[in-house]
Structures are given as structure tokens and as C-alpha cells.
Amino acid sequence: MWQFKSIITGNFLQFVRSYSFLLVLAVSLYVSFSFIPGPEASYKTIQFGTYSGAYNATWIGLATAILSSIFLSFFGFFLINGTIKKDIETRIGAIISASSISNFKYLLTKALANFLVLLSILVIVFLMSIMLFFLYGKEYTFNFPAFIFPYVYIALPSLFFIAFFSLLLEVFIPKQNILQYVIFIGCFFYILFANFTQKQNNSFDVFGIQEPLKQVEKQFNPDTLLKENKLTIGFVSGSRDITKVIEVRPVVFSGGYFLSRFIWIAIIFIALFFAAFFFHRFSLSEREALSEKVEEEDTDFKKATFQMGTNVVTKNTFGLQSLIKIEFALLSRKNTKTLLSATIICMAIMFFVSIQMAHEYVLPLLWFLQILVLSDLETKDHTQRTFFFTASAYKPLQRVFISRILAAILWMFLIASPLWIRLLIKGELNTFLSILLGAVFIVLLAVFLGIITQSKKLFEIVFFFMVYCNLNSLPITDYFGALHQSMNYTIGLLLLISLLFLMSYFMKKNYVR
């Protein structure tokens, strides 16, 4: 039992004590604050047609719990995914494989540690929601049970399910992050959209939002005689109509609803139990690493004299231009055949759809496919244990660091070529410049967050959130000029890019020292 508790505590504290946790904390505070739109906000989150709830304790608690169940489950997956892979990279897996702990106990501790991480973020959202009530709902009485019950019945089981589901994907699909992402995203949106079909049973509602929303909808229709009751969930542009609100009464969670939430917890728990029989217990990765190491040692022994001579003769070959070519080749090889095929398909689509659609929707999706390439820019030296090798190179900042940034910008700009070629033909130079600045911005953002956290997670979460907002046409995340065409916006983006580069450069300089 002590060993069980120590592993859970160790995994949780490893995350909490990292710099990335502070940034995740800041992002969580901002996102939870945006769950409830202010009076002057230009977006909306949950609405029934043109109507929404008054800012009493019931509505704020229910709305934030539903949004937490959906968005925290989505972005939380990318935050906690990769815990087994991290044990492989840090060689802790070799120690665990030699210990007496069983596969199931090990997987259970990792899953519970993941849940604690998500739970800590949910607590932040909960506290921020209470603050929002006293900020926006001063004229209402604070009903604590009506406020907290949606979190207990809706959000907590969802996060528990995601914490276990993330680990299941790592067990059955090891070392295939992009495939894990694709499967999760497919399942996530299928379940989410299936909840709003009339034929769907409540028992299939993993996020636990269907029955509470139905109860709220019944409160809207009789009181407002609402003919159009189209449900809207998410960050959607358009201000909230304060003249069309209703004071929502507390939601009653039935025994059947409680049973459905318990069933999903039991299913994912049982699935983890059976997954323990298929867990590789780090033996597969160790064999692969050992075979690769033997092959590398043999190759190095045979070619050591030749490589030394080559380095002496061609010492002036590896200038900045050569390094950019090498980094560009590494970026292109980072894409799997499936990912490269999807990229080519998106590039071809940009030729045939309208320029507006290509710019607003296809381009963010196309760049989103490169999330693993971008998140790996700054962290790959630590992951592959080549940091001291690159840090000891000749002018590592002016050559290695700059070459990686330029190669990534060139790669992102190249895959957007179908769009900016069409823009150049039409003579839209300002929009062309916005796309170029967008490529620079997203690369520097990946580098900046990678330097701060020494992890891929925060950038992946931020990028996913930005892409979601881009597809919903929120102006605040328009970093590639799809919604803003003014020169002032371009100049502001250029200043932000300059700030990101300077901060990244000097932080990297201090870190290399």
C-alpha cells in the first residue's frame, strides 16, 4: 500500500513542481474566467437559441461544470497523455519492471495520478466560478448545493474516464502519439455530437451533459415560449442578449443518471484491469533501444575513421545554410506517411475551395497537423539526450538555435503555399504578409513555451485551444490574418513576434550557459 501511494504522490508532485504547472495554472484561470461571458463580451458559451440563463448559482455552477466536463476532458487528455512514454525516456521504466509491483497496480497508480492532475485544475475552475458568481450574480443568493452538485455528478466522472482512457491508449498503441491523438479526437467528437441526436440514449453520454441540459431546456420552453431551441455549446462569436435570460432552477440528478455515471467509471476501470495483461512492462522498448544501440556502436566503430576525416576536410561546410537544410530535412522526416498524406490532401484542397474558406478553416487545420513537429523543436535535445552535444557546438545560439527556427518557419510557410500563391496572384500583399507572420508566430510560440516548460504539453494544449477558437472565428486568436486585414493588426502581430523572439533568445542564452 505504501508503494502504491508513493508512486501516485511522486507522479503528481512531478507535475505540480514543474514550471509547466504554473503556466497551466495561469491558462486554467483564464479559460475558467472565460466560461461565463461578461456583460461586454463578444462571445457566448451556452445558449438555447437566443436565450441563456441568469447568472444565479445554479446557472453558473451548471454551465461551468458542463464546459469543464467537455473542454477540460479534451485539453486535459493532451496534458496527461504520455506518462508511460515519459517513464521510458527517463529510464524509470527499467526500475519499475524490476520491482515487485504488478502491471495492474502500476497502471492504476499512473491513471490515478493523471486524475489528480485533472482534479487540481478542476478545483481551480471551481474556485474561479465562485468568484464569477460574486462578480456577476450579486443580486442572487449563493446556493452551494446547486452550485457544487454539477461538478460532482458531471465533471468528476468525465475526468476520471479521460484519465484512464489516456492510459489505455498508451498501453495498446505505444510510441504512436499521433495515432493516439487521432483516435481520441475521433471518439471525443463522435460521443459529443451523438449526445445531441434525438435517438441517443442517456447511457451513452460519457460527459454527463445530456440529462441536465434537457431539464434546463424544459425550463426555457414554457416560460419563454421559445420556438427555436437550438443548443449552442462552446466559444461562439456573438454577444449575449441580456434581455433574453431566465432564472434557472436547480437540476435534479436522478438515480438513473447517477447509475449511468457509475457504469462508465466501472467500464473504464475494468478495461484497465484487462489492459494490464497486454502491458509490455517496458521490455519491448528496452529490446528496441538495445538493438538500436548495438547497431549504432557497430556502425560507429566501422566508420569512425572515415567520419573523423570527413569532419576535418569539410569543416567549413556546415554554415547556417547547411544547418537549415539539415533541420528542414529532419522536420520533413518527422511526419509519418499518413500525416504527410493528410498534409498533401489539405494543401490540394486549398487550391479548389474559396480563398476565404482556405484561409479561415483549412489553413489552421493544415498547420495543426504539424503539432508534433512544432512541439518537438525545443524539447528534442532533452528527449534524445543531445542537449550537451548541441550546447557545445560552435555558436549554438547563432547557428543551431536560429537554423531550427528558420527551418520550421520555412516548413510551415511552404505547406501554406497553395493559399499564399493564390493571394499573390490576386495582389493581396497584406494578407500574404499576415500568413508569413502567422507561420513565424506559431513557431516562436512553440519555441518560447518549450524553453519555459522543457515540455511539449503546454504548447500542444495552447495550440489545440487556438485551433478550436480559429474554427469558431474568434478574433482574439486570429494570428494569421483570417479575420483582421488592417495594417495596425499586422504591426501589432509583428511586435508580438519580436517580443517572443527576444524573450526566447535570451532565455535560451542563459539556459545554454
Side-chain angles (χ1 to χ4, degrees), residues 20 23-35 37 41-45 67 70-79 81 121 178 181 184-185 188-189 233-237 343 346 357-379 408-409 411-413 415-416 419 434-453 455-484 489-490 492-497 499-501 503-504:
S20 59
L23 293 173
V24 170
L25 179 65
V27 173
S28 302
L29 288 172
Y30 173 77
V31 173
S32 58
F33 182 80
S34 62
F35 279 167
S42 60
Y43 68 95
K44 50 194 176 184
T45 52
L67 292 172
I70 296 174
F71 287 96
L72 189 53
S73 295
F74 185 75
F75 296 108
F77 171 85
F78 300 99
L79 177 65
N81 181 257
I121 300 175
I178 190 63
Y181 292 171
F184 170 73
I185 293 174
F188 178 87
F189 285 104
I233 295 181
F235 295 90
V236 183
S237 59
T343 302
C346 288
M357 179 175 291
H359 197 176
E360 293 186 18
Y361 301 103
V362 183
L363 181 61
L365 288 175
L366 179 62
W367 281 350
F368 169 73
L369 294 176
Q370 305 302 313
I371 185 171
L372 295 181
V373 174
L374 295 175
S375 63
D376 201 38
L377 282 175
E378 183 53 36
T379 59
I409 293 172
W411 174 256
M412 298 294 285
F413 192 58
I415 62 178
L419 177 58
S434 298
I435 294 176
L436 174 59
L437 293 178
V440 177
F441 171 80
I442 201 63
V443 170
L444 290 177
L445 182 64
V447 172
F448 175 72
L449 296 180
I451 292 174
I452 292 178
T453 63
S455 172
K456 306 177 184 180
K457 295 299 181 183
L458 184 60
F459 172 73
E460 291 177 351
I461 295 171
V462 172
F463 196 22
F464 271 104
F465 181 74
M466 291 174 64
V467 171
Y468 175 82
C469 294
N470 293 148
L471 298 180
N472 284 278
S473 301
L474 286 182
I476 193 173
T477 56
D478 178 30
Y479 63 94
F480 48 88
L483 304 176
H484 300 86
Y489 185 81
T490 304
L493 185 59
L494 183 60
L495 293 175
L496 180 59
I497 288 172
L499 180 63
L500 278 176
F501 175 75
M503 293 174 64
S504 302

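Values in this document were obtained by computation on a predicted structure and should not be read as measured data.
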Test ring-ring contact (aromatic ring centres under 6.0 Å, His included) applied to Phe441 and Phe501, Phe413, Tyr479, the passing residue: Tyr479
Closest approach of [X] and [Y], non-hydrogen atoms and distance?
X      : Y      : result
Ser434 : Gly481 : CB-CA, 3.8 Å
Ser504 : Ile451 : O-CD1, 3.4 Å
Phe74  : Ile185 : CE1-CG1, 4.2 Å
Lys44  : Pro37  : CA-CG, 4.0 Å
Ile442 : Met466 : CD1-CE, 4.3 Å

Chi angles and distances behind the side chain to side chain contact (heavy atoms under 4.5 Å, CB included) call for Leu67, Phe71: CA-CA 6 Å; Leu67 292 172; Phe71 287 96; 3.6 Å; yes
CA sep, side-chain torsions, deciding dist, call: Leu444, Val440, side chain to side chain contact (heavy atoms under 4.5 Å, CB included): CA-CA 6 Å; Leu444 290 177; Val440 177; 3.7 Å; yes
Can you give each donor-acceptor pair under 3.5 Å made by side-chain atoms of residues 360-370, sequence neighbours left out, with the distance rounded to 0.1 Å?
residue, atom, partner, partner atom, Å
Glu360, OE2, Gln356, NE2, 3.1
Trp367, NE1, Met412, O, 3.0
Gln370, OE1, Asn335, ND2, 3.3
Gln370, OE1, Trp411, NE1, 2.9
Gln370, NE2, Asn335, OD1, 3.3
Gln370, NE2, Thr343, OG1, 3.3

Aromatic ring proximity Tyr181/Phe78, centre distance under 6.0 Å: yes
Check against side chain to side chain contact (heavy atoms under 4.5 Å, CB included), Phe463 and Val467: CA-CA 6 Å; Phe463 196 22; Val467 171; 3.8 Å; yes
Under the side chain to side chain contact (heavy atoms under 4.5 Å, CB included) test against [X], which residue among [options] passes?
X      : options                        : result
Phe459 : Leu449, Ile452, Asp376         : Leu449
Leu374 : Leu377, Leu372, Ile371         : Leu377
Ile497 : Leu495, Leu493, Leu500, Leu499 : Leu493

pair Ile233-Thr45: side-chain heavy atoms closer than 4.5 Å: no
Worked verdict on His359 versus Phe480 for side chain to side chain contact (heavy atoms under 4.5 Å, CB included): CA-CA 8 Å; His359 197 176; Phe480 48 88; 3.6 Å; yes
Interatomic spacing from CZ in Phe184 to CZ in Phe77 - rounded to 0.5 Å: 5.5 Å
Spacing of CD1 belonging to Ile476 relative to OG belonging to Ser34, to within rounding of 0.5 Å: 9.0 Å
